[in-house]
Amino acid sequence: MKKIAVIGSTMMDVVSYTDRMPEAGETRMSTDFHIAAGGKGANQAIAAAKLGADVMMVTAIGDDLFGENSRKNFRRHNIDDRHIMTISDTANGVASITVEASGQNRILICAGANGKFTPDLLKSAEHDLSLCSLIVLQLEIPLETVYAAIAFGKKHGIPVLLNPAPAAENLSFEKVCDCEFFMPNETELAITTGMPTETLDGVRAAAKKLLGHGLKNVIVTMGSRGSLWMSKDHEVHIEASEVKAVDTTGAGDAFIGCFAASYVASGDIEKSLRRASRYATLSVTRTGTQGSYADAEEFTAFLQELDGKTA
Ligand code: RIB
(Lines give C-alpha, C1' and ligand atoms only; values in the text may rest on other atoms or scores of the structure.)
Protein backbone atom coordinates (compact mmCIF):
# COMPACT_ATOMS: atom_id res chain seq x y z
CA MET A 1 0.00 0.00 0.00
CA LYS A 2 1.24 3.52 -0.79
CA LYS A 3 2.36 5.38 2.30
CA ILE A 4 1.52 8.94 3.40
CA ALA A 5 4.08 10.89 5.46
CA VAL A 6 2.62 13.61 7.66
CA ILE A 7 5.39 15.97 8.75
CA GLY A 8 3.87 18.31 11.30
CA SER A 9 2.49 19.18 14.67
CA THR A 10 1.21 17.28 17.66
CA MET A 11 -0.77 19.11 20.37
CA MET A 12 -2.93 18.27 23.33
CA ASP A 13 -6.28 20.08 22.95
CA VAL A 14 -7.82 21.57 26.09
CA VAL A 15 -11.38 22.28 25.00
CA SER A 16 -14.16 24.30 26.68
CA TYR A 17 -17.69 24.59 25.33
CA THR A 18 -19.73 27.75 25.91
CA ASP A 19 -23.07 29.25 24.84
CA ARG A 20 -21.12 32.39 23.84
CA MET A 21 -17.50 33.57 23.95
CA PRO A 22 -16.58 35.68 26.99
CA GLU A 23 -15.94 39.38 26.34
CA ALA A 24 -12.52 40.81 27.26
CA GLY A 25 -12.32 40.90 31.07
CA GLU A 26 -15.42 38.69 31.48
CA THR A 27 -15.48 35.29 33.24
CA ARG A 28 -18.08 32.75 32.04
CA MET A 29 -19.03 29.24 33.10
CA SER A 30 -18.27 26.69 30.40
CA THR A 31 -20.97 24.13 29.62
CA ASP A 32 -18.56 21.24 29.05
CA PHE A 33 -14.82 20.47 28.93
CA HIS A 34 -12.43 17.79 27.68
CA ILE A 35 -8.75 17.13 26.97
CA ALA A 36 -7.95 15.17 23.82
CA ALA A 37 -5.19 14.60 21.27
CA GLY A 38 -4.94 17.27 18.58
CA GLY A 39 -2.58 19.35 16.46
CA LYS A 40 -3.20 19.89 12.77
CA GLY A 41 -0.56 17.39 11.66
CA ALA A 42 -1.70 14.71 14.09
CA ASN A 43 -5.36 15.26 13.20
CA GLN A 44 -4.66 14.86 9.48
CA ALA A 45 -2.62 11.71 10.13
CA ILE A 46 -5.35 10.17 12.32
CA ALA A 47 -8.12 10.99 9.82
CA ALA A 48 -6.18 9.29 7.00
CA ALA A 49 -5.33 6.29 9.22
CA LYS A 50 -8.94 5.89 10.37
CA LEU A 51 -9.90 5.61 6.71
CA GLY A 52 -7.42 2.76 6.25
CA ALA A 53 -4.38 4.63 4.84
CA ASP A 54 -0.82 3.61 5.70
CA VAL A 55 0.55 6.67 7.54
CA MET A 56 3.94 7.62 8.96
CA MET A 57 4.06 10.56 11.39
CA VAL A 58 7.15 12.75 11.63
CA THR A 59 6.68 15.03 14.60
CA ALA A 60 8.18 16.36 17.84
CA ILE A 61 6.48 15.66 21.17
CA GLY A 62 7.23 16.84 24.70
CA ASP A 63 8.88 14.70 27.39
CA ASP A 64 5.79 15.01 29.58
CA LEU A 65 2.50 13.19 30.12
CA PHE A 66 0.89 14.91 27.11
CA GLY A 67 3.78 13.77 24.90
CA GLU A 68 3.53 10.20 26.20
CA ASN A 69 -0.23 10.14 25.61
CA SER A 70 0.23 11.55 22.12
CA ARG A 71 2.63 8.74 21.18
CA LYS A 72 0.18 6.15 22.55
CA ASN A 73 -2.58 7.77 20.50
CA PHE A 74 -0.58 7.43 17.24
CA ARG A 75 0.19 3.78 18.07
CA ARG A 76 -3.46 3.07 18.86
CA HIS A 77 -4.30 4.22 15.33
CA ASN A 78 -1.59 2.01 13.75
CA ILE A 79 0.48 5.00 12.68
CA ASP A 80 4.19 4.39 12.02
CA ASP A 81 5.82 6.14 15.00
CA ARG A 82 9.51 5.50 14.22
CA HIS A 83 10.07 9.22 13.58
CA ILE A 84 8.13 10.65 16.48
CA MET A 85 10.86 12.47 18.38
CA THR A 86 10.63 13.19 22.10
CA ILE A 87 12.34 16.53 22.82
CA SER A 88 13.98 16.51 26.24
CA ASP A 89 13.21 19.19 28.82
CA THR A 90 10.38 20.45 26.63
CA ALA A 91 6.62 20.50 27.08
CA ASN A 92 4.28 19.01 24.51
CA GLY A 93 2.38 21.48 22.31
CA VAL A 94 -0.96 22.56 23.79
CA ALA A 95 -4.02 24.15 22.16
CA SER A 96 -6.59 26.04 24.24
CA ILE A 97 -9.84 25.80 22.33
CA THR A 98 -13.23 27.40 22.99
CA VAL A 99 -16.26 26.19 21.06
CA GLU A 100 -19.51 28.19 21.10
CA ALA A 101 -23.06 26.94 20.57
CA SER A 102 -22.96 27.62 16.80
CA GLY A 103 -20.07 25.12 16.54
CA GLN A 104 -17.60 27.95 15.78
CA ASN A 105 -14.24 27.71 17.56
CA ARG A 106 -11.31 29.88 18.65
CA ILE A 107 -7.87 28.36 19.15
CA LEU A 108 -4.77 29.60 20.94
CA ILE A 109 -1.73 27.37 20.55
CA CYS A 110 1.49 27.06 22.53
CA ALA A 111 3.97 25.31 20.21
CA GLY A 112 6.09 23.53 22.88
CA ALA A 113 8.07 20.70 21.25
CA ASN A 114 6.64 21.59 17.81
CA GLY A 115 8.67 24.80 17.92
CA LYS A 116 11.87 22.74 18.31
CA PHE A 117 11.22 20.61 15.21
CA THR A 118 14.16 22.04 13.27
CA PRO A 119 15.20 20.92 9.73
CA ASP A 120 18.10 18.81 11.08
CA LEU A 121 15.57 16.56 12.86
CA LEU A 122 14.17 15.63 9.43
CA LYS A 123 17.50 14.06 8.46
CA SER A 124 17.03 10.82 10.44
CA ALA A 125 13.70 10.23 8.64
CA GLU A 126 15.01 10.85 5.12
CA HIS A 127 15.35 7.22 4.03
CA ASP A 128 11.81 6.29 5.15
CA LEU A 129 10.44 9.54 3.72
CA SER A 130 11.92 8.76 0.33
CA LEU A 131 9.70 5.62 0.21
CA CYS A 132 6.45 7.58 0.72
CA SER A 133 3.95 8.53 -1.99
CA LEU A 134 2.69 11.81 -0.53
CA ILE A 135 4.06 14.30 2.01
CA VAL A 136 1.51 16.31 4.00
CA LEU A 137 2.55 19.54 5.75
CA GLN A 138 1.00 22.35 7.81
CA LEU A 139 2.47 25.44 9.47
CA GLU A 140 2.52 24.58 13.19
CA ILE A 141 6.24 23.70 13.00
CA PRO A 142 9.08 26.09 12.04
CA LEU A 143 8.81 27.42 8.45
CA GLU A 144 12.40 26.36 7.72
CA THR A 145 11.42 22.73 8.39
CA VAL A 146 8.41 23.06 6.10
CA TYR A 147 10.62 24.48 3.34
CA ALA A 148 13.17 21.68 3.85
CA ALA A 149 10.40 19.07 3.53
CA ILE A 150 9.10 20.69 0.33
CA ALA A 151 12.63 20.69 -1.13
CA PHE A 152 13.01 17.02 -0.10
CA GLY A 153 9.74 16.13 -1.86
CA LYS A 154 10.90 17.92 -5.02
CA LYS A 155 14.30 16.20 -4.98
CA HIS A 156 12.70 12.74 -4.64
CA GLY A 157 9.72 13.33 -6.95
CA ILE A 158 7.21 12.95 -4.09
CA PRO A 159 4.09 15.15 -4.33
CA VAL A 160 3.70 17.55 -1.41
CA LEU A 161 0.41 18.81 0.02
CA LEU A 162 0.75 22.01 2.07
CA ASN A 163 -2.05 23.15 4.35
CA PRO A 164 -0.89 26.72 5.18
CA ALA A 165 -2.46 26.71 8.65
CA PRO A 166 -2.19 28.70 10.79
CA ALA A 167 -1.70 31.37 8.11
CA ALA A 168 1.74 32.93 7.73
CA GLU A 169 2.00 36.35 6.11
CA ASN A 170 5.68 35.79 5.37
CA LEU A 171 5.27 32.55 3.41
CA SER A 172 7.79 32.40 0.55
CA PHE A 173 5.94 31.67 -2.72
CA GLU A 174 9.23 30.79 -4.30
CA LYS A 175 9.63 27.91 -1.81
CA VAL A 176 6.01 26.70 -1.68
CA CYS A 177 5.36 26.76 -5.44
CA ASP A 178 6.99 23.31 -5.66
CA CYS A 179 3.99 21.85 -3.80
CA GLU A 180 1.54 19.76 -5.80
CA PHE A 181 -1.39 20.89 -3.59
CA PHE A 182 -1.84 24.14 -1.67
CA MET A 183 -4.88 23.83 0.61
CA PRO A 184 -5.85 26.89 2.68
CA ASN A 185 -9.25 27.79 4.11
CA GLU A 186 -10.68 31.13 2.99
CA THR A 187 -9.17 33.04 5.96
CA GLU A 188 -5.71 31.58 5.33
CA LEU A 189 -6.12 32.38 1.64
CA ALA A 190 -6.93 36.02 2.48
CA ILE A 191 -3.90 36.34 4.77
CA THR A 192 -1.55 34.57 2.35
CA THR A 193 -2.57 36.66 -0.66
CA GLY A 194 -3.62 39.92 1.03
CA MET A 195 -6.88 39.73 -0.97
CA PRO A 196 -10.53 39.69 0.24
CA THR A 197 -12.17 36.24 0.23
CA GLU A 198 -15.67 36.97 1.56
CA THR A 199 -17.27 36.11 -1.80
CA LEU A 200 -16.74 33.16 -4.12
CA ASP A 201 -15.45 35.58 -6.79
CA GLY A 202 -12.95 36.91 -4.25
CA VAL A 203 -11.79 33.37 -3.47
CA ARG A 204 -11.42 32.66 -7.21
CA ALA A 205 -9.35 35.81 -7.75
CA ALA A 206 -7.07 35.04 -4.79
CA ALA A 207 -6.62 31.42 -5.92
CA LYS A 208 -5.74 32.70 -9.42
CA LYS A 209 -3.08 34.91 -7.88
CA LEU A 210 -1.51 31.81 -6.29
CA LEU A 211 -1.63 29.93 -9.60
CA GLY A 212 0.20 32.94 -11.05
CA HIS A 213 2.96 32.33 -8.50
CA GLY A 214 3.39 28.84 -9.98
CA LEU A 215 1.28 26.72 -7.60
CA LYS A 216 -0.26 23.77 -9.45
CA ASN A 217 -3.45 22.94 -7.54
CA VAL A 218 -5.06 25.41 -5.16
CA ILE A 219 -7.87 23.87 -3.11
CA VAL A 220 -9.76 26.23 -0.82
CA THR A 221 -12.00 24.92 1.94
CA MET A 222 -14.86 27.33 2.74
CA GLY A 223 -16.93 25.62 5.47
CA SER A 224 -20.64 25.74 4.63
CA ARG A 225 -19.79 27.31 1.22
CA GLY A 226 -18.07 24.09 0.17
CA SER A 227 -14.65 23.89 -1.46
CA LEU A 228 -13.03 25.17 -4.64
CA TRP A 229 -10.30 23.48 -6.69
CA MET A 230 -8.45 25.63 -9.18
CA SER A 231 -5.57 24.65 -11.45
CA LYS A 232 -4.42 25.77 -14.91
CA ASP A 233 -7.07 23.52 -16.49
CA HIS A 234 -9.71 23.07 -13.79
CA GLU A 235 -12.19 25.06 -11.79
CA VAL A 236 -14.41 22.84 -9.67
CA HIS A 237 -16.72 24.12 -6.92
CA ILE A 238 -18.01 21.42 -4.61
CA GLU A 239 -21.08 22.43 -2.59
CA ALA A 240 -21.18 21.40 1.08
CA SER A 241 -24.01 19.12 2.26
CA GLU A 242 -26.37 20.82 4.72
CA VAL A 243 -26.02 19.52 8.27
CA LYS A 244 -26.36 20.93 11.79
CA ALA A 245 -22.82 21.76 12.93
CA VAL A 246 -22.10 21.17 16.62
CA ASP A 247 -18.28 21.51 16.59
CA THR A 248 -16.23 22.65 13.60
CA THR A 249 -12.84 22.10 15.30
CA GLY A 250 -10.53 20.06 13.08
CA ALA A 251 -12.96 19.92 10.13
CA GLY A 252 -10.24 21.27 7.81
CA ASP A 253 -7.89 18.55 9.07
CA ALA A 254 -10.58 15.90 8.44
CA PHE A 255 -10.86 17.23 4.87
CA ILE A 256 -7.10 17.03 4.30
CA GLY A 257 -6.66 13.61 5.92
CA CYS A 258 -9.47 12.15 3.82
CA PHE A 259 -8.21 13.86 0.65
CA ALA A 260 -4.72 12.44 1.23
CA ALA A 261 -6.03 8.91 1.87
CA SER A 262 -8.25 8.97 -1.19
CA TYR A 263 -5.65 10.62 -3.46
CA VAL A 264 -2.85 8.11 -2.72
CA ALA A 265 -5.32 5.28 -3.32
CA SER A 266 -6.90 6.61 -6.53
CA GLY A 267 -4.78 9.45 -7.96
CA ASP A 268 -8.14 11.12 -8.76
CA ILE A 269 -8.24 14.71 -7.47
CA GLU A 270 -11.92 15.48 -8.08
CA LYS A 271 -13.16 12.21 -6.56
CA SER A 272 -10.87 12.75 -3.56
CA LEU A 273 -12.26 16.26 -3.08
CA ARG A 274 -15.85 15.05 -3.11
CA ARG A 275 -15.04 12.41 -0.50
CA ALA A 276 -13.05 14.88 1.61
CA SER A 277 -15.89 17.38 1.55
CA ARG A 278 -18.35 14.78 2.86
CA TYR A 279 -15.92 13.45 5.43
CA ALA A 280 -15.41 16.96 6.84
CA THR A 281 -19.20 17.49 6.85
CA LEU A 282 -19.68 14.36 8.93
CA SER A 283 -17.01 15.53 11.39
CA VAL A 284 -18.81 18.80 12.20
CA THR A 285 -21.93 16.92 13.29
CA ARG A 286 -19.96 15.41 16.18
CA THR A 287 -18.09 17.01 19.09
CA GLY A 288 -14.32 16.81 19.46
CA THR A 289 -11.55 16.79 16.88
CA GLN A 290 -10.03 13.36 16.25
CA GLY A 291 -12.96 11.86 18.16
CA SER A 292 -15.30 13.28 15.51
CA TYR A 293 -13.51 11.50 12.64
CA ALA A 294 -15.33 8.50 11.24
CA ASP A 295 -13.65 5.22 10.39
CA ALA A 296 -14.07 3.71 6.93
CA GLU A 297 -17.22 1.78 7.86
CA GLU A 298 -18.99 4.75 9.46
CA PHE A 299 -18.03 6.94 6.52
CA THR A 300 -19.45 4.48 3.99
CA ALA A 301 -22.72 4.40 5.95
CA PHE A 302 -22.84 8.22 5.96
CA LEU A 303 -22.22 8.38 2.20
CA GLN A 304 -25.06 5.91 1.63
CA GLU A 305 -27.35 8.00 3.84
CA LEU A 306 -26.49 11.19 1.90
CA ASP A 307 -26.92 9.49 -1.46
CA GLY A 308 -30.29 8.11 -0.29
CA LYS A 309 -31.40 11.68 0.49
CA THR A 310 -30.29 13.07 -2.87
CA ALA A 311 -31.48 10.08 -4.97
O1 RIB B 1 -7.18 22.32 13.30
C2 RIB B 1 -7.55 22.03 14.61
C3 RIB B 1 -6.34 21.90 15.47
O4 RIB B 1 -5.69 23.15 15.51
C5 RIB B 1 -6.61 21.54 16.90
O6 RIB B 1 -6.61 20.15 17.13
C7 RIB B 1 -5.51 22.26 17.67
O8 RIB B 1 -4.58 21.41 18.23
C9 RIB B 1 -4.87 23.21 16.65
O10 RIB B 1 -3.63 22.80 16.29
Side-chain angles (χ1 to χ4, degrees), residues 2 4-9 40-41 44 48 58 117-120 122-123 125-126 129-130 132-197 200-222 227-238 252-253 255-257 259-260 262-264 267-270 272-273 276:
K2 290 180 175 172
I4 299 168
V6 178
I7 304 176
S9 57
K40 295 183 193 301
Q44 293 169 18
V58 185
F117 185 178
T118 47
D120 53 300
L122 264 187
K123 292 251 178 307
E126 281 189 348
L129 278 174
S130 70
C132 291
S133 302
L134 179 70
I135 292 175
V136 179
L137 298 163
Q138 325 71 35
L139 300 182
E140 286 181 331
I141 58 172
L143 262 185
E144 292 315 315
T145 310
V146 171
Y147 295 153
I150 295 171
F152 181 88
K154 185 181 181 192
K155 183 171 164 204
H156 293 268
I158 305 168
V160 175
L161 183 168
L162 173 61
N163 167 222
E169 282 166 22
N170 56 342
L171 202 62
S172 156
F173 288 119
E174 200 190 322
K175 299 223 164 84
V176 302
C177 71
D178 289 324
C179 294
E180 187 70 25
F181 300 103
F182 188 78
M183 287 194 167
N185 67 18
E186 67 260 74
T187 310
E188 290 144 9
L189 180 67
I191 295 172
T192 311
T193 59
M195 291 171 73
T197 57
L200 195 55
D201 281 342
V203 171
R204 272 195 198 99
K208 259 192 194 141
K209 178 175 177 178
L210 293 177
L211 294 177
H213 280 290
L215 280 159
K216 294 184 197 73
N217 296 289
V218 177
I219 295 167
V220 189
T221 54
M222 302 177 292
S227 51
L228 181 74
W229 167 33
M230 286 187 62
S231 72
K232 198 156 61 66
D233 312 310
H234 294 88
E235 181 177 326
V236 178
H237 178 214
I238 293 167
D253 301 329
F255 186 100
I256 287 163
F259 177 85
S262 175
Y263 178 72
V264 290
D268 184 332
I269 299 179
E270 188 168 339
S272 303
L273 284 178

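By convention here, the first residue in the shown sequence is residue 1. Only this structure's heavy atoms are used, side chains among them; waters, hydrogens and symmetry mates stay out.
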If the condition is ring-ring contact (aromatic ring centres under 6.0 Å, His included), which residues does F181 pass it with, not counting sequence neighbours?
F259, Y263

side-chain contact (heavy atoms from CB on, under 4.5 Å) between E180 and L161: does it pass, once the steps are laid out?
CA-CA 6 Å; E180 187 70 25; L161 183 168; over 6 Å; no

Carboxylate-amine/guanidinium contact R204 D201, below 4.0 Å
yes

If you define the side chain from C-beta out and look only at heavy atoms, does anything of V160 sit under 4.5 Å from F182?
no

Return the OG to CG distance between S262 and L273, rounded to the nearest 0.5 Å.
8.5 Å

Which is it for V203 and M195 under the side-chain contact (heavy atoms from CB on, under 4.5 Å) test, yes or no, and what are the steps along the way?
CA-CA 8 Å; V203 171; M195 291 171 73; over 6 Å; no

NZ/K216: more than 12 non-hydrogen atoms of other groups inside 6.0 Å:
yes

S231 OG to I219 CD1 distance, which is reported to the nearest 0.5 Å
9.0 Å

Could you tell me the separation between the CG atom of L171 and the CG atom of L139, rounded to the nearest 0.5 Å?
6.0 Å

Can you check whether V236's main-chain N or O pairs, donor with acceptor, with E270's side chain at less than 3.5 Å?
no

With no hydrogens and no angle check, is any side-chain donor or acceptor of E188 less than 3.5 Å from a backbone partner on N185?
yes

For S227, does its backbone N or O pair with a side-chain atom of T221 as donor and acceptor, under 3.5 Å?
no

Nearest heavy-atom pair of A260 and V136: which atoms, and what distance?
CB-CG2, 4.1 Å

Using modelled atom types only, decide if a donor and an acceptor are shared between the side chain of T145 and the backbone of F117 within a distance under 3.5 Å.
yes

Is there a donor-acceptor pair under 3.5 Å between the side chain of K40 and the backbone N or O of E140?
no

Using a 4.5 Å cut-off on heavy atoms from C-beta on, say whether the side chain of N163 contacts that of D253.
yes

